[in-house]
**Q** 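Quick one: this structure, given as structure tokens, is what I'll be asking you about.
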Amino acid sequence: MKISNLIKWSDSEDSIFLQNIANDIGLWLEQKQRYDVQAVLLNEIQLIESAINEHVSIAITDKSGKIKYVNEKFCAISKYSAEELLEQDHRIINSGFHSKEFMRALWDTLTAGKIWKGGFKNRTREGTFYWIDATIIPLLDRTGSPYQYVALWTDVTGYKQLEEKMEGQVKELARSNDELEQFAYVVTHDLQEPLRAINSFVQLLKKYCDHQLDERANDLISHAVAGTSRMQMLIDDLLTYAQVNANQTLTEVDCEKLLGNVLTDLSVIVSECNAVITHDRLPVVRGIPFQFIQLLTNLINNALKFQREQPPKIHIGVEEDHGEWILSVTDNGIGIEEHI
């Protein structure tokens, strides 16, 4: 063989050898790339699983209700280990709280291949109870029949306890309101009888002494009669307010007329103080007459009580602001220190 042929043969063999190495390197790089992608995907799956375990409990059962899988969150809340739960009937955590009708409706929904959502009360391994907000999803085979069920739920025990507490407070408030209403009936009845007697006696006094009374005395008797009538209205308003029924208590209130009645009732003390009381034209609003009377009476009384040396000057003002009426009572009394 010639030397040149040996060289050619050697070059050819080297080329094949190098090509094989290149192919091997290429395969190795492809495999490494696949392994890297798989590692990234596995890491992402683990992160997702970790996030789910922090929030959602998961259980997978077969069509007969036997547990096939539970995640960490399920175990943490139920107080069972995974080993204690696997292959057990899902009723191991049943609290017995729900009625047969409730459970039948749940299973009728699932066996029909539909998703069930709702609240559920379960029992832990330690015997305590917890509430969950659950979604149960049936997995269907080719015939459309469920062969597995996936339950996803979150613990809402805290919200349920708060709800039960609020329901208890509502019941307690209702009981308190009932007692208040009964008390108001008794009090108003006891107040009405002497009020009727006063009204009758004042009118009898006017009847028997009419020819002996001057104009001033007749005016005072008229004020007394009008005052007892308004007192009767206040008692009726108090009873209505005690019933705690907004539809009954909120009525049209003519503030102008109501203020006139208040000033009439306070006319004696206003005269004694030489007070000057002025007011803007007051509107008609929806509210509780009894509360308006008490508010205006107290504010005007305070202005009359805490006065300076000069006679009191009191003004009841009103202004409209975006569909709301703002009433104010101002006076020239001693006022309140700014730092208080």
Side-chain angles (χ1 to χ4, degrees), residues 41-141 144-181 244:
L41 290 176
L42 180 61
N43 183 59
E44 291 180 351
I45 291 172
Q46 290 174 341
L47 289 174
I48 293 171
E49 182 181 13
S50 177
I52 291 174
N53 281 329
E54 288 296 322
H55 182 69
V56 180
S57 295
I58 304 175
I60 300 176
T61 65
D62 62 17
K63 62 181 180 182
S64 64
K66 187 176 292 186
I67 298 174
K68 296 299 182 181
Y69 169 82
V70 289
N71 71 339
E72 295 175 7
K73 190 71 171 180
F74 190 104
C75 296
I77 295 176
S78 68
K79 310 299 183 184
Y80 285 97
S81 67
E83 291 75 16
E84 291 173 317
L85 290 170
L86 294 178
E87 300 303 323
Q88 295 293 323
D89 192 289
H90 200 274
R91 285 177 293 185
I92 190 174
I93 60 172
N94 193 340
S95 66
F97 173 81
H98 300 282
S99 65
K100 292 181 179 179
E101 291 75 17
F102 177 91
M103 299 302 299
R104 187 181 300 114
L106 184 155
W107 280 108
D108 286 347
T109 300
L110 293 176
T111 54
K114 299 178 181 177
I115 296 174
W116 183 90
K117 294 181 180 182
F120 212 87
K121 186 177 184 180
N122 284 335
R123 185 196 300 269
T124 68
R125 188 179 188 278
E126 299 171 352
T128 57
F129 298 100
Y130 60 96
W131 279 91
I132 63 173
D133 182 25
T135 299
I136 305 177
I137 306 165
L139 302 182
L140 310 180
D141 59 21
S145 300
Y147 69 93
Q148 276 187 339
Y149 301 101
V150 178
L152 309 173
W153 51 263
T154 54
D155 184 5
V156 293
T157 305
Y159 296 106
K160 195 66 178 181
Q161 290 173 343
L162 180 60
E163 182 182 283
E164 291 174 350
K165 183 179 179 180
M166 291 179 64
E167 289 176 355
Q169 290 176 339
V170 169
K171 290 180 181 178
E172 177 62 23
L173 180 60
R175 184 194 62 78
S176 177
N177 287 339
D178 289 340
E179 291 181 354
L180 176 61
E181 186 175 350
V244 195

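The figures here come from the full heavy-atom set of this structure, side chains too, leaving out hydrogens, waters and symmetry mates.
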**Q** Under the side-chain contact (heavy atoms from CB on, under 4.5 Å) test, which residues partner Asp155, sequence neighbours left out?
**A** Ile77, Tyr130, Thr157

**Q** For Thr124, which residues count as a side chain to side chain donor-acceptor pair (under 3.5 Å) partner, sequence neighbours excluded?
**A**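 Counting only residues at least two positions away or on another chain, Thr124 forms a side chain to side chain donor-acceptor pair (under 3.5 Å) with Thr128.
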
**Q** Working to the nearest 0.5 angstrom, can you tell me the gap between Arg125 CZ and Ile92 CD1?
**A**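 If I round to the nearest 0.5 Å, the distance is 8.5 Å.
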
**Q** Any non-hydrogen side-chain atom of Gln148 less than 4.5 Å from a side-chain atom of Ile60?
**A**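 Yes, side chains in contact.
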
**Q** Is Leu139 close to Val150 at the side-chain level, that is, under 4.5 Å between some pair of heavy atoms?
**A** yes

**Q** Could I get the full list of side-chain contact (heavy atoms from CB on, under 4.5 Å) partners for Phe97, not counting sequence neighbours?
**A** Ser95, Lys121, Trp131

**Q** With a 6.0 Å cut-off (strictly less than), is the heavy-atom count around OH of Tyr159, excluding the residue itself, greater than 12?
**A**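 At most 12 heavy atoms, drawn from other residues, nucleotides or ligands, come within 6.0 Å of this atom.
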
**Q** List in chain and number order the residues that pass salt bridge (Lys or Arg N to Asp or Glu O under 4.0 Å) with Glu126, two or more places apart in sequence or in another chain; answer none if no residue qualifies.
**A**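 Listed in chain order: nothing, the list is empty.
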
**Q** Does the plane of the ring in Trp116 sit parallel, tilted or perpendicular to the ring in Phe120? Use 30° and 60° as the thresholds.
**A** perpendicular

**Q** Pairs in or reaching into residues 90-117: which pass salt bridge (Lys or Arg N to Asp or Glu O under 4.0 Å), with residues at least two apart or in two chains?
**A**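 Matches after skipping sequence neighbours: Asp89-Arg91.
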
**Q** Before you tell me yes or no, could you show the steps for Ile58 and Tyr69 under side-chain contact (heavy atoms from CB on, under 4.5 Å), namely the whole-Å CA-CA distance, both residues' side-chain angles and the distance that decides it to 0.1 Å?
**A** CA-CA 8 Å; Ile58 304 175; Tyr69 169 82; 4.2 Å; yes

**Q** Can you list everything that forms a side chain to side chain donor-acceptor pair (under 3.5 Å) with Asn94? Sequence neighbours excluded, please.
**A** none

**Q** How many angstroms lie between CD1 in Ile93 and CZ in Arg123, if you round to the nearest 0.5 Å?
**A**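 Output value for this atom pair is 11.5 Å.
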
**Q** Who are the side chain to side chain donor-acceptor pair (under 3.5 Å) partners of Lys68, not counting sequence neighbours?
**A** Glu87

**Q** Which residues pass the side chain to side chain donor-acceptor pair (under 3.5 Å) test with Ser145, sequence neighbours left out?
**A** Thr143

**Q** Atom CG in Leu152, atom CD1 in Ile132: separation rounded to 0.5 Å?
**A** 10.5 Å

**Q** Check side-chain contact (heavy atoms from CB on, under 4.5 Å) between Pro138 and all other residues, then give those that pass, not counting sequence neighbours.
**A**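 Residues passing side-chain contact (heavy atoms from CB on, under 4.5 Å) with Pro138: Leu110, Ile115, Leu140, Pro146, Tyr149.
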
**Q** Would you list the pairs meeting ring pair (Phe, Tyr, Trp, His ring centres under 6.0 Å) in which at least one residue belongs to residues 70-94, sequence neighbours left out?
**A** Phe74-Trp153

**Q** Going by side-chain contact (heavy atoms from CB on, under 4.5 Å), name the residues that satisfy it together with Ala82, two or more places apart in sequence or in a different chain.
**A**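 Ala82: side-chain contact (heavy atoms from CB on, under 4.5 Å) contacts with Val70, Cys75.
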
**Q** For residues 161-171, tabulate all N or O donor-acceptor pairs below 3.5 Å that involve a side-chain atom, not counting sequence neighbours.
**A**
| from | atom 1 | to | atom 2 | distance (Å) |
| --- | --- | --- | --- | --- |
| Glu163 | OE2 | Lys160 | NZ | 3.1 |

**Q** Check for a donor-acceptor pair, side chain of Thr109 on one end and backbone N or O of Ala105 on the other, with a separation under 3.5 Å.
**A**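 Yes; at least one donor-acceptor contact below 3.5 Å.
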
**Q** Mind checking the CG-CD1 spacing from Leu85 to Ile67? Nearest 0.5 Å is all I need.
**A**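 These two atoms lie 5.0 Å from each other.
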
